[in-house]
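As structure tokens, the structure follows; a few thoughts come after it.
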Amino acid sequence: MTEEFKPRTKLVHGGTRRSQYNEVSEAIFMTQGFVYDSAEQAQARFEETGPDEFIYARYGNPTVAMFEDRIAQLEGAEAAFATASGMAAVNNALMASLKAGDHVVAARALFGSCLYILEKVLVRYGVELTLVDGTDLEQWKAAIRPDTALVFFESTSNPTLEVIDIAAVSEMAHAVGALVVVDNVFATPVYSRSIELGADVVVYSATKHIDGQGRALGGVVLGSKEFISGDFFNYSKHTGAALSPFNAWLMLKGLETIDLRVRAQTEAAEKIAEALHGHEKLARMIYPGHSSHAQHDLVKRQTGKGGTVISIDLAGGQEAAFNFLNAVNIGVISNNLGDAKSILTHPATTTHSSLTEEQRQSLGITRGLVRISVGLEDPEDLVADWTAALAGA
Ligand SMILES: *Cc1c(COP(=O)(O)O)cnc(C)c1O
């Protein structure tokens with residue numbers, strides 16, 4: 001598939017490889033390995049592997065390669081490597097790029113497991129870490145040093161939906177030669193312009209919008225050919241967090257519909273944010289696509305749209321939040337996001353319960369905060385159900 005095709009065309013046809021049967025739907029190559037025609041061919045394959053030559057599924061597999069090529073085309077990246085989960089993607093991108101003595105600057109508002117890799121693993125191996133308030137460019141400026149090797153942040157933070165200026169942070173990082181790694185889950189692959197804006201490496205949990213139907217874990221790392229095929233590939237192939245061909249097939253089929261799903265979910269989120277804004281039971285309604293968002297201008301420049309997640313802060317604290325969650329009929333109480341089903345989460349007692357109260361407070365994760373991942377249900381039903389649940393909270 002060539003550059004000139006539009007994203008939706010690439011999402012349906014990009015990366016397709018057909019077997020000798022010319023199947024319509026992509027084949028699942030459920031195989032760990034590949035046979036060689038001769039001993040010489042085996043030797044040659046280990047010396048240099050061509051783009052459609054495979055050795056072992058830990059290194060690559062045709063179904064996985066179809067998924068990697070398709071998402072790389074959408075993201076505008078030269079190359080991609082798929083991993084067993086989003087966390088494996090984050091871990092591989094960071095571990096493969098850093099060594100003892102390196103300095104890393106990261107935004108403080110991170111998914112708990114990302115924070116674990118930085119604070120508990122990398123620091124243990126001698127990496128120096130500085131955490132900043134990612135929305136404050138002055139803090140990035142003060143923290144990035146001539147010896148900073150890497151910066152890492154979620155382009156939209158979970159669950160308070162703060163948006164980080166990718167272009168501005170990338171410019172500061174590149175001025176000292178640091179690698180910019182962006183966890184882009186909340187921006188979604190549909191609205192992402194991260195590489196164009198300056199990110200060197202983009203990471204997704206495919207578990208979220210890419211699958212979008214709550215079926216499997218997966219992840220992907222995108223970047224230049226040089227990055228993906230270099231130390232990163234060696235680290236990834238030797239440490240083994242490869243994506244299963246079956247899960248790659250789910251993600252591949254997820255990509256066929258991701259544009260339609262994410263746009264419909266975002267449109268619904270816009271309507272719901274409008275309906276919930278200023279509701280008497282709410283201390284705050286946070287939605288990057290709403291004009292009340294603190295960085296609405298940046299959102300317009302960076303992704304154009306606010307995405308599929310809204311956070312609301314109930315004035316009545318945890319009791320009100322629990323009453324609301326228990327009164328909701330449409331949507332489920334769970335902790336995934338980007339799903340066809342609306343998912344409601346109480347971060348303080350679930351996804352962010354391992355943080356201290358002090359940490360939660362500094363991140364704005366109050367007891368009243370509920371994260372809502374808007375699904376594919378009819379938005380009118382969602383507004384009616386959720387406003388009724390709020391009224392009783
Ligand atoms: C879910 C998530 C991850 C981890 O992905 P898994 O597929 O669950 O391993 C990492 N970063 C962000 C921002 C996420 O939302």
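For ligands, and for the atoms within them, numbers begin at 1 and follow the listed sequence. In this text, all values refer to a predicted model and were calculated from it rather than measured experimentally.
Against a heavy-atom cut-off of under 4.0 Å, Ser85 is close to the following atoms of ligand 1: 7 (O), 9 (O). Below 4.0 Å from some heavy atom of Met87 lie the following atoms of ligand 1, by number and element: 4 (C), 5 (O), 6 (P), 9 (O), 10 (C). Residue Gly86 has at least one heavy-atom neighbour below 4.0 Å for each of these atoms of ligand 1: 5 (O), 6 (P), 7 (O), 9 (O). Ligand 1 places these atoms under 4.0 Å from at least one heavy atom of Glu154: 13 (C). The atoms of ligand 1 that sit less than 4.0 Å from any heavy atom of Thr207 are 6 (P), 7 (O). Of all atoms in ligand 1, listed by their number and element, those nearer than 4.0 Å to a heavy atom of Gly218 are 7 (O).
Residues Lys10 and Glu4 are not paired through a salt bridge, judged by the lack of any N-O separation under 4.0 Å between the basic side chain and the carboxylate. A salt bridge does not link Glu162 to Arg108: none of the charged nitrogens lies less than 4.0 Å from a carboxylate oxygen. The residues Lys271 and Glu274 are annotated as not salt-bridged, no charged nitrogen and carboxylate oxygen being separated by less than 4.0 angstrom. Under a 4.0 Å N-O distance rule, the pair Glu377/Lys341 does not qualify as a salt bridge. Ion pair Arg17/Asp69 flagged as a salt bridge, since at least one NZ, NE, NH1 or NH2 atom sits closer than 4.0 Å to an Asp/Glu carboxylate oxygen.
Relative ring orientation between Phe227 and Phe232 is described as parallel, the plane-to-plane angle staying below 30° on a 0-90° scale split at 30° and 60°.
Looking at ligand 1, you won't find any N or O of Asn158 less than 3.5 Å from one of its N or O atoms.
At the shortest separation from atom 11 (N) of ligand 1 among protein heavy atoms lies Asp183 OD2, 2.6 Å. The protein heavy atom nearest to atom 1 (C) of ligand 1 is Lys208 NZ, 1.3 Å.
Shortest non-hydrogen contact noted between Ala93 and Val203 is CB-CG2, 4.2 Å.
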